[in-house]
Amino acid sequence: MSQGAAGNPTVAMVEAAFTHHGLNWRYINMEVAADDLAVAVAGARALGFRGFNLSLPHKVTVIPHLDGLGESAALMGAVNCVVRRDGRFIGENTDGKGFLKSLEAVIDPRGKNVVLFGAGGAARAIAVELALAGAGRIAVVNRSHERGSELAALLRDKTGAQSEFAVWKPRHVIPPDTDIVINGTSIGLYDEQAALDLDTDSLRPGMVVCDVVFNPVRTWLLREAEARGCRVLDGLGMLVNQGVIGVRYWTGIEPDAGVMSDALARAMGLV
Ligand code: NDP
């Protein structure tokens, strides 16, 4: 259940998995007004939905209408994927899990030092999964003090991870002992010239630099990082992997990630 236009790339990606695996299932995009959320969830139950995704503004307000939450969704207090298990609607959050899956293909986050820009929905999901995966230290850098310090406190209090908050300063410097840098903000979305206010000389070879933004795929941050010898991870992998996890949760099969990735790239006009 999401707000937005029909025929979006996520629909193409999920339905490609259903087709590939011979499932006569549908994944449909519906716009639900905030006031209609309770009846929409009741409707999904009555209609026998195996689950659904949610986007803003429903990720938090859906929780009272569900029967339970997965571990990370409970910690971050946000749900983007609902799964029917034994007749109960359980809220999960697959954004951070999708990111982690992409990251693990490049680096094992256990014991690693992370600098995370942002403290919104995507950043929170990523931070909680990194903490649960045993990241060494998570430094949250955010423009607004309130959201940033709240996320660092959540990580310390609820996961036991080592985490601190730093207000985003002009030409922000990445500490040299950082292993993983993540843009978890919306800076760069639809604007390939949009720059993060950081000291690009503090991006060092060997760091893994990641962006949640997937449109454009090669953001300013990734181009700068690559030019300085960093390994880079774009936002498409996270998007594909959260889709893979959703399809697995709903259907019980392990979908072919390559099929989903190809369908997404085609729908986005990338190939
Ligand atoms: P939110 O609105 O919840 O959070 C936005 C974050 O960006 C906040 O930390 C905000 O800081 C920061 N921000 C925005 N503009 C600026 C700016 N000009 N300067 C400094 N900080 C800024 O958004 P989401 O977390 O839901 O989404 C963030 C991005 O992640 C989007 O581009 C979205 O497309 C992408 N995304 C990608 C996914 C994927 O699968 N690849 C999945 C989900 C999201 P502040 O707190 O100060 O306002």
Side-chain angles (χ1 to χ4, degrees), residues 2-5 8-14 53-62 72-73 76-81 92-103 105 115-130 138-155 165-172 181-198 209-222 232-247 257 260-261 264-265 267-268 270:
S2 66
Q3 297 201 321
N8 72 26
T10 309
V11 174
M13 173 176 75
V14 173
N53 283 125
L54 299 121
S55 60
L56 292 172
H58 302 312
K59 288 184 175 185
V60 177
T61 49
V62 74
S72 57
M76 64 189 86
V79 165
N80 78 328
C81 180
E92 296 280 0
N93 198 305
T94 56
D95 280 338
K97 293 183 200 302
F99 174 83
L100 199 64
K101 175 86 180 157
S102 299
L103 184 70
V115 171
L116 171 66
F117 288 94
R124 281 173 73 89
I126 287 169
V128 166
E129 294 297 346
L130 282 171
I138 304 173
V140 177
V141 181
N142 197 49
R143 175 179 61 179
S144 82
H145 187 286
E146 197 182 340
R147 279 218 275 191
S149 54
E150 198 249 311
L151 175 55
L154 179 149
L155 297 174
F165 166 66
V167 176
W168 196 332
K169 299 194 196 85
R171 279 182 57 80
H172 201 94
V181 179
I182 305 162
N183 174 34
T185 77
S186 45
I187 298 170
L189 183 63
Y190 306 131
D191 182 355
E192 59 185 22
Q193 301 309 329
L196 270 75
D197 194 356
L198 59 83
V209 177
C210 321
D211 209 319
V212 293
V213 170
F214 57 86
N215 193 357
V217 180
R218 284 187 50 76
T219 58
W220 172 90
L221 176 65
L222 298 189
V232 300
L233 200 59
D234 65 46
L236 271 188
M238 173 179 174
L239 186 60
V240 171
N241 284 324
Q242 64 81 26
V244 166
I245 295 164
V247 172
M260 296 178 70
S261 174
L264 181 73
M268 288 179 69
L270 299 174

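Counting starts at 1 for both ligands and their atoms, following the listed order. Just so we're clear, the structure is a prediction, and the values are computed from it rather than from any experiment.
Annotation: salt bridge (Lys or Arg N to Asp or Glu O under 4.0 Å) contacts involving residues 117-126, sequence neighbours excluded, comprise R124-E150.
Side chains of N80 and N53: a donor-acceptor N/O pair is absent below 3.5 angstrom, by distance only.
For atom 33 (C) of ligand 1, the nearest protein heavy atom lies 4.0 Å away or farther.
Applying the 4.0 Å criterion to heavy atoms of G120 picks out, from ligand 1, the atoms 3 (O), 4 (O), 8 (C), 9 (O), 25 (O). For ligand 1 and G118, the ligand atoms under 4.0 Å from any heavy atom of the residue are 9 (O).
Residues that satisfy the ring-ring contact (aromatic ring centres under 6.0 Å, His included) test with F99, not counting sequence neighbours, are absent from this structure.
The closest approach between any non-hydrogen atom of A119 and ligand 1 is below 4.0 Å.
Considering Q242, E129, K101 as possible partners of T94, the one that fulfils the side chain to side chain contact (heavy atoms under 4.5 Å, CB included) test is Q242. Tested against L54 for a side chain to side chain contact (heavy atoms under 4.5 Å, CB included), the candidates V60, T61, V79, N93 yield a single pass: V79.
Looking at ligand 1, you'll find an N or O of N142 within less than 3.5 Å of one of its N or O atoms. Taking distance alone, with nitrogen or oxygen atoms compared against 3.5 Å, T185 stays at or beyond that limit from ligand 1. Any N or O atom pair closer than 3.5 Å counts here, and V212 shares at least one such pair with ligand 1.
The closest donor-acceptor contact from the side chain of S102 to the backbone of M238 lies under 3.5 Å.
Here the protein heavy atom with the shortest distance to atom 47 (O) of ligand 1 is S144 N, 2.9 Å. From the protein, the heavy atom lying nearest to atom 48 (O) of ligand 1 is R143 NH2, 2.9 Å.
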